[in-house]
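This report concerns only the one structure given below.
Convention: sequence-line order gives letters A, B, ...; per-chain numbering from 1.
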2 protein chains.
Amino acid sequence: MAGLGEQASIYTEEHRLTYYECDRTGRATLATLIDIAILASQDQSDALGLTTDFVQSHGVGWVVTQYAMTITRMPRLDETVTLAVRGSAYNPYFAYREFWIRDAAGQELAYITSIWVTMSQTTRRIVKIDPELVAPYHSEAVKRIPRLPRPLHFEPTEATLSKPYQVRFFDIDPNRHVNNAHYFDWLLDTLPADFLLQHNLMQVDVRYENEVKYGHTVTSEVNILPTTTDGTVTTSHRIRVGDEKCCEVTIKWQVIAEAVE
Amino acid sequence: MAGLGEQASIYTEEHRLTYYECDRTGRATLATLIDIAILASQDQSDALGLTTDFVQSHGVGWVVTQYAMTITRMPRLDETVTLAVRGSAYNPYFAYREFWIRDAAGQELAYITSIWVTMSQTTRRIVKIDPELVAPYHSEAVKRIPRLPRPLHFEPTEATLSKPYQVRFFDIDPNRHVNNAHYFDWLLDTLPADFLLQHNLMQVDVRYENEVKYGHTVTSEVNILPTTTDGTVTTSHRIRVGDEKCCEVTIKWQVIAEAVE
């Protein structure tokens, strides 16, 4: 897929990480990483006239179905990063969007790929992508878009950790949906604090299946898989509402040599 | 108190409200209002050399005990506001800090007053304010600082609404405390969605009593008092951990003539 989307427009903006976007160690949270990536993509869309209103006037809304994130280093408190986004390619049903987050020296901190669909506002079903909604990005029309890594199938065990979370009024953003970055707070908060303090994120693979709604209580579940010989750990996650699976996530972590306080 | 703190330094900065700082109606959330006000105050402190490390090197940390907020209009999605902050005055035990949030035309959107104390890191007790920690703000040394409105004493009734919230890992910010702006998500989420959609915030009076910690489950309780003839409604709130009161809050709301969707 070398060169895929090379002719697509890249939009960039700067963002300074505030204290309320960072965890107690000063690392940006995973929710923030997605929040600011999506912020850049909304700003690109607005700049190209592809506003939420314009998309809705076509009877649809964009919905993300998968993320694959490679994190070299989490941005830190007070750091100003450059966000770059590109609507790289699309086929009749799926759009492929890429994000880069770089530090002031241009070093890559994170690279995120994602798959998006358009969902009918009336039937809530996936519909063919209207080329009018992607043409301004100079997205490449292709037969096949890249496949993102599929998260591990989550298998509950006796050691599974689990916590309930009520979906809150303020989890719903101006797009009228639960901001799916909030899933990451539920996903990671289920892990013990010590684990979060002793590991850094390396790779996050997410697959969304069913929408979470205001008033739902979701169950966030996680298995911590055995540490491998290379000092990495994998966690396998699921979020469900009752028996309905909402998303599966696999995360690869690096053990931090010196424990973070 | 006319002119109190007039000689104190004012620090200003701009902030653009992002989609993830706003609710589904596009209004900034109350948590965001406090988050960005405190951001400006931390930036002022850093600019004056009063960094968290410097404060901690004196064996103390700043803790807010009261807020009184008057909100003329909540900032909205994509609006760029100007934040202004001033460490106006202090006496031996209390510091008085003011914040102004203004729109691009200079109109006041919100005015926040607050009372702060320094707490010993070892004994967790309130200690006398070291003048070194306030001198760079050009704070006025006074005998008495203004009294902020005391929230109503919360009285549970049969009609009290209540929800539990687990304090999450990501509620702890780089200052190693539960970011107290998160209290506002707990406080307001306990109200029905319809109430939140049909009312705008006018006045918020907050008094913190005991610290909330990671792992606690807090109970957020609210009474909706009868609507007054001037079309305002008052809600009386309490957050507690078991039998220990963590804060009391009184909020005055204006009924919105045209319902927000």
Legend entry - Interface residues of residues 10-21 of chain A facing chain B - heavy atom cut-off under 4.5 Å: A:Glu13, A:His15, A:Arg16, A:Thr18, A:Tyr19, A:Tyr20, A:Glu21

Legend entry - A:Arg97 and A:Tyr137: side chain donor to acceptor below 3.5 Å: yes

Inset, instruction - Counting only heavy atoms closer than 4.5 Å, note whether B:Ile172 contacts chain A via side chain, backbone, both or neither. - result: both

Inset, instruction - Pick whichever of B:Pro174, B:Ala31, B:Gly26 has the most heavy-atom pairs under 4.5 Å with chain A. - result: B:Pro174

Legend entry - Residue among A:Thr32, A:Thr29, A:Asp23 with most heavy-atom pairs under 4.5 Å to chain B: A:Asp23

Legend entry - Any residue meeting side-chain contact (heavy atoms from CB on, under 4.5 Å) with A:Thr122, in chain and number order, not counting sequence neighbours: A:Ser120

Inset, instruction - Only pairs at least two apart or in different chains count here, so list each side chain to side chain donor-acceptor pair (under 3.5 Å) that has a residue in residues 51-62 of chain B. - result: B:His58-B:Glu132

Legend entry - Candidate list A:Leu33, A:Leu109, A:Thr25, test side chain to side chain contact (heavy atoms under 4.5 Å, CB included), partner A:Met74, passing option: A:Leu33

Inset, instruction - Among the options A:Asp173, A:Asp35, A:Asp189, A:Asp185, pick out the one with the most heavy-atom pairs lying under 4.5 Å from chain B. - result: A:Asp35

Inset, instruction - With chain B as the partner chain, list the residues of residues 41-50 of chain A whose heavy atoms fall under 4.5 Å from it, by residue number, and write 'none' if nothing qualifies. - result: A:Gln42, A:Asp43, A:Asp46

Inset, instruction - Counting only heavy atoms closer than 4.5 Å, note whether B:Leu30 contacts chain A via side chain, backbone, both or neither. - result: neither

Inset, instruction - Could you check if a side-chain atom of B:Trp253 sits within less than 4.5 angstrom of a side-chain atom of B:Leu201, using non-hydrogen atoms only? - result: yes

Legend entry - Region of A:Leu39 in contact with chain B, defined by heavy-atom distances below 4.5 Å: both

Legend entry - Test item: A:Phe154 and A:Arg240 side chains (from C-beta on) under 4.5 Å apart, heavy atoms: no

Legend entry - Nearest-0.5 Å distance, CD of residue A:Glu79 to CZ of residue A:Arg27: 14.0 Å

Legend entry - Region of B:Asn179 that comes under 4.5 Å of a non-hydrogen atom in chain A: side chain

Inset, instruction - With rounding to the nearest 0.5 Å, note down the distance linking OH in A:Tyr208 to CD in A:Gln66. - result: 11.0 Å

